[in-house]
Amino acid sequence: VEHQRHGPDPEAEDTDGTEVMSLFTDPTTERARWAVCDTCDRKVVKVLMICEACGCHLPSKVALARADCPLGKWTFRIMETESAPPRTSL
């Protein structure tokens with residue numbers, strides 16, 4: 001299983017030339033940890049409900065008051081008692 005890193009480069013420097021402390025370990029250590037975790041019987045992979053059209057986590061998106069389906073299958077509606085803030089698309 002190939003795992004992708006997310007986050008800043010651990011070798012990055014700040015704009016003043018000082019080393020930036022990374023929240024992430026080096027790639028070699030990360031791969032070694034994944035090798036252990038990939039064979040662990042306690043590892044559980046849960047499938048998330050993601051919309052392939054917009055990439056959103058569906059349980060979160062459908063709960064947002066001012067969200068729209070990018071395919072137009074459901075839309076944001078303003079209740080009569082609400083004022084109309086600017087719409088944002090997720």
Side-chain angles (χ1 to χ4, degrees):
V1 176
E2 185 174 326
H3 303 281
Q4 292 184 342
R5 295 177 53 88
H6 299 284
D9 179 356
E11 305 297 323
E13 289 187 356
D14 205 341
T15 55
D16 66 0
T18 60
E19 187 177 330
V20 176
M21 184 176 164
S22 175
L23 296 175
F24 302 95
T25 188
D26 63 275
T28 302
T29 301
E30 184 177 356
R31 282 191 298 275
R33 290 175 180 176
W34 271 119
V36 172
C37 292
D38 280 340
T39 61
C40 180
D41 65 344
R42 301 295 300 209
K43 178 183 167 195
V44 177
V45 177
K46 294 183 179 185
V47 177
L48 296 177
M49 287 184 283
I50 304 293
C51 173
E52 289 182 338
C54 64
C56 288
H57 178 248
L58 286 174
S60 298
K61 182 154 187 177
V62 299
L64 293 173
R66 291 173 172 76
D68 289 311
C69 168
L71 303 175
K73 294 185 177 189
W74 52 270
T75 61
F76 149 17
R77 289 187 210 143
I78 299 174
M79 303 290 287
E80 291 178 20
T81 58
E82 293 183 56
S83 61
R87 278 176 68 170
T88 57
S89 183
L90 297 178

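Atom CG of residue L48 and atom SG of residue C56 lie 12.5 Å apart, to the nearest 0.5 angstrom. Between E30 atom CD and C37 atom SG the span is 10.5 Å, to the nearest 0.5 Å.
Of all the heavy atoms in D38 and K43, the pair that sits closest is OD1-NZ, 2.7 Å.
Side-chain atoms of K73 never come within 3.5 Å of backbone atoms of D68 as a donor-acceptor pair (strictly under, hydrogens ignored).
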